[in-house]
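Worksheet for the structure shown next.
None of these values were measured; they are calculated from a predicted model. Throughout, protein chains are lettered first and strands after them, A, B, ... in sequence-line order, and every chain is numbered starting at 1.
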There are 2 protein chains.
Amino acid sequence: MVYTVGEMAKLLGVPASTLRYYDKEGLLPFVERSPGGRRMFQEKDYEWLQTIECMKKTGMSLRDIRVYIDMAMRGDETMEPRLQLLSRQREAVRTQMAELQRTLDMLDFKCWYYETALRSGTSDAVRNMPLEEIPEPYRAALRQLPKPE
Amino acid sequence: MVYTVGEMAKLLGVPASTLRYYDKEGLLPFVERSPGGRRMFQEKDYEWLQTIECMKKTGMSLRDIRVYIDMAMRGDETMEPRLQLLSRQREAVRTQMAELQRTLDMLDFKCWYYETALRSGTSDAVRNMPLEEIPEPYRAALRQLPKPE
DNA sequence: TCTTGACTTAAAGCTGAGTTTAACTTGTAT
DNA sequence: ATACAAGTTAAACTCAGCTTTAAGTCAAGA
């Protein structure tokens, strides 16, 4: 079973222009063409495209994904550098998550701040609240934060 | 104590061009000018800038940050919409983190895959490994994933 | 006073990841 | 055989978030 670019795009839920763009950028070296020049996507290409999607979710750039694909197409001899690339990406995602957690703590604190201020009708009460009265979970965020405005 | 744009940029660890850009985009309505037209940053402006930085880390667009700043400058009457904005942003960050976790699971699995393949010298062994032999933590990721290449 | 470094603006340029457009070709259905 | 939807390319356009450049202004130290 082969698919045209439009069919494959539909399967993946992306515009066909995106697949053409990826092809132009060298991300789809595995896609063959018909005698008339049309892309003929195979079942196995769907798996490649899922792999690309997955890499993209990690925040990897198209350039790095292309490098990865190129290596993967060269077979087992490139397993080591591929592992290295994935390993670095994993580290990057972990870092990203840790940063997001700190950001989330800040947002939790700010939301609490406004909820409290709204309940008392003014921001004065909570702005001048002594540290001891601030619920424990928010104190850490407060310490590393500017005052909410 | 007042600072020029260059001094404030140094304090924040960003290029001065970024602060000028933010000003042009309306993110710094609080910064006053000298008679000669130069920006004079005050201590309190430093706190505003930290707030902007914090909002940016949540992935908020400059446009939304400007809206937030504008509201904050109008005082207590805008607390409710500000809370709504922060609340929405918090939801967005939570979603983002959940997605990253799934991505991380995938990367963990892929790294395990390559580590195993490298130890056995070929990807065949692990490619054909029956599900029961795959360590439990990785099975979930495998189920929602394309085969690694 | 003069030099010099840091400031000012407007406008253009850059990057990544696409999307849109225009002009043309292919292949399927009638 | 013909129509016509869907394919092809190159090139231009978009968007956010800056950065760079050019041409000019300000102000602190010698």
If the threshold is 4.0 Å, N to carboxylate O, is there a salt bridge linking B:D64 and B:R88?
no
Thinking salt bridges, do A:R20 and A:D23 make one under a 4.0 Å N-O criterion?
no
If you only use heavy atoms from C-beta on, which nucleotide in D:dA27, D:dC18, C:dG18 is closest to the side chain of B:S34?
D:dA27
Closer than 4.0 angstrom, basic N to acidic O: yes or no for A:D105 and A:R102?
no
Tell me the interatomic distance from A:R66, atom CZ, to C:dG16, atom C1', rounded to whole angstroms.
14 Å
On the nucleotide D:dT19, are OP1 or OP2 found under 4.0 Å from the side-chain N or O atoms that B:T18 carries?
yes
Return the value, rounded to whole Å, for the distance between atom CG of A:L12 and atom P of C:dG18.
13 Å
If you pin A:G37 and A:S17 to their nearest nucleotides in DNA chain C, which one's is more 5'?
A:S17
In terms of heavy-atom contacts, B:L19 and B:L28 come closest through O-CD1, 3.4 Å
If you assign B:S61 and B:G36 each to the DNA chain D nucleotide with the nearest heavy atom, which residue ends up on the more 5' nucleotide?
B:S61
Nearest whole angstrom, please: distance from the C1' of C:dG27 to the CZ of A:R39.
16 Å
Just how far, in rounded Å, is P of C:dA6 from CE of B:M8?
18 Å
Nearest-Å distance, OH (B:Y21) to C1' (C:dT9)?
16 Å
Check this one for me: any side-chain N or O of A:T4 less than 4.0 Å away from OP1 or OP2 of D:dG7?
yes
Of D:dG17, C:dG18, C:dC7, the nucleotide closest to the side chain of B:V5 is C:dC7
Whether A:D108 and B:R94 form a salt bridge (side-chain N of Lys/Arg under 4.0 Å from carboxylate O of Asp/Glu) is what I want to check.
yes
Presence of A:K56 side-chain N/O under 4.0 Å of C:dG18 phosphate oxygens OP1/OP2
yes
Length of the line joining A:R20:CZ and D:dA10:C1', which is rounded to integer Å
13 Å
Donor-acceptor pair under 3.5 Å, A:R38 side chain vs D:dT8 base
no
Provide, to the nearest angstrom, the distance between the CG atom belonging to A:L28 and the P atom belonging to D:dT9.
12 Å
Heavy-atom nearest nucleotide on DNA chain C taken for B:G6 and for A:P15; more 5' hit belongs to B:G6
In whole Å, I'd like the distance from the CD atom of B:E7 to the C1' atom of D:dA28.
12 Å
For C:dT9, take OP1 and OP2 only and decide whether either is under 4.0 Å from a side-chain N or O of B:R33.
yes
